Amino acid sequence: MDRLKLVLQYFQSNSESISNGICIVLSLISVKLYTSFDFNCPCLPQYNKMYALGVMFVPPVILFLLGVLVNRHTGVLMEEWVRPLGRRTKNPAVVKFLLSSMLQRSLLAPMVWILMTLLDGKCFICAFSMNVDPKYFTGIPNSTGLELIKIMAKVPCKEDVIFKNSSFRKAVSRYVRCYSQAIGWSILLFFIFLGTVGRVLKPCFNHATFLQTRYWSNYLDIEQKLFDETCVLHARDFARKCVVQFFESMREDVTVRMPLSSAFRPSTIRNEYEEEEEEERLHGITRHDQVDHLLQTWYECKPELDVTRMAYKPKVCITWEDINGKALFSEV
């Protein structure tokens with residue numbers, strides 16, 4: 001149980017871990033779907049290849065699109081790519097890093113499906129049994145009167161009566177399955193070799209540039225997440241303030257006289273304290289047009305990446321005037 005909690009905490013630690021967990025789940029789903037899928041080749045020359053290649057490549061396309069859809073880096077990538085330049089420059093290296101990270105995770109589940117189909121061999125036999133030259137095999141059925149292409153198209157159907165008491169179908173199936181498995185193992189070996197070479201040669205390149213790119217890609221993700229969380233808090237306080245004001249405007253004044261206790265804290269003091277907290281969380285953004293302007297400014301002109309500059313805090317200035325409108329004195 002403790003190990004399960006540690007695994008869950010790891011996957012909940014950051015968006016990258018969550019993306020890895022989602023990719024693993026999609027890969028397991030692809031394996032489960034393939035093992036539970038009942039593959040039935042139509043055994044017709046005009047449909048075999050279409051059906052088999054559809055089973056081999058259509059589900060990977062769906063899994064790839066799902067991987068792109070659920071990957072958080074997709075949204076961060078597109079927002080960084082299409083946003084106006086504003087006061088913050090765009091870093092092409094960060095965009096490339098996000099794109100590479102998104103593609104790597106999204107391609108995991110489709111590659112698992114394709115490798116499963118190649119190592120199993122059923123789709124490959126259904127698609128390419130008609131391309132095998134039958135002269136290399138003995139025992140071909142010749143008493144049915146069917147064309148040779150139709151006989152070869154029926155090789156994936158082991159229950160067909162034309163192959164009764166014949167080893168021809170098994171020989172052709174074994175031959176095509178060997179090719180399918182050879183291609184599958186070759187693809188797997190290629191990716192393992194590519195990953196090994198990338199891991200070995202990675203320190204040979206400028207590692208500082210890679211660290212900088214990874215840092216700023218994580219920054220974009222965390223910045224957007226914090227902005228969303230802050231918007232939720234602001235919207236909650238804004239809504240609460242509007243609702244309270246509505247009900248207070250409907251309330252009639254009632255005077256209740258009660259003796260003051262030393263342990264009693266006046267509600268006015270508590271309400272003033274709560275209002276100060278709400279005003280602090282609202283950051284002075286208290287009107288509809290201010291909120292719209294704030295969100296538009298964030299989209300069009302994100303702040304510079306410089307936290308040494310203190311943010312400007314607006315001050316309230318009270319000015320006393322006489323009956324003619326002339327300013328007597330002001331106080332901040």
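Count residues from 1 along the sequence. What you see is a predicted model; the values in this text were computed from it and never measured.
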Sole residue of L103, L26, L108 in side-chain contact (heavy atoms from CB on, under 4.5 Å) with F64: L103

Within one Ile-Leu-Val-Met-Phe-Trp-Tyr cluster: I125 and F57, side-chain cutoff 4.5 Å: yes

Ring centroid separation F128 to Y175 under 6.0 Å: no

K158 side chain vs R169 backbone, donor-acceptor pair below 3.5 Å: no

Short side-chain to backbone donor-acceptor contact, S173 and K170, under 3.5 Å: no

Side-chain donor/acceptor of S129 to backbone N/O of M152, under 3.5 Å: yes

Student check: side-chain heavy atoms of M111 and I187 closer than 4.5 Å: yes

Enclosure of Y179 OH (heavy-atom neighbours >12, cutoff 6.0 Å): no

Donor-acceptor contact present, side-chain H73 to main-chain R105, <3.5 Å: no

Within one Ile-Leu-Val-Met-Phe-Trp-Tyr cluster: L148 and V155, side-chain cutoff 4.5 Å: yes

Sidechain-backbone polar pair: E223 side chain, Y219 backbone, donor-acceptor under 3.5 Å: no

Under-2.5 Å SG separation for cysteines C157, C41: no

Within-4.5 Å side-chain heavy-atom neighbours: L118 and Q181: no

R177 (side chain) donor-acceptor with K122 (main chain) under 3.5 angstrom: no

Interatomic distance, L77 atom CG to S101 atom OG [nearest 0.5 angstrom]: 10.0 Å

N48 (side chain) donor-acceptor with A153 (main chain) under 3.5 angstrom: yes

W113 side-chain N/O to V55 backbone N/O, donor-acceptor pair under 3.5 Å: yes

ILVMFWY cluster, I114 and F191 together (side-chain gap under 4.5 Å): yes

Other residues, nucleotides, ligands: >12 heavy atoms within 6.0 Å of W298 CH2: yes

Check: T117 side chain, M56 main-chain N or O, donor-acceptor pair, under 3.5 Å: no

Common cluster, V307/I222, ILVMFWY with side-chain heavy-atom separation under 4.5 Å: no

CZ-CG distance between F227 and L295, expressed to the nearest 0.5 angstrom: 5.5 Å

hydrophobic_cluster_shared for L115 and L107, side chain cutoff 4.5 Å: no

Flag, side chain of K90 to backbone of W81, donor-acceptor distance under 3.5 Å: yes

Flag for D289-H293: side-chain donor and acceptor within less than 3.5 Å: no

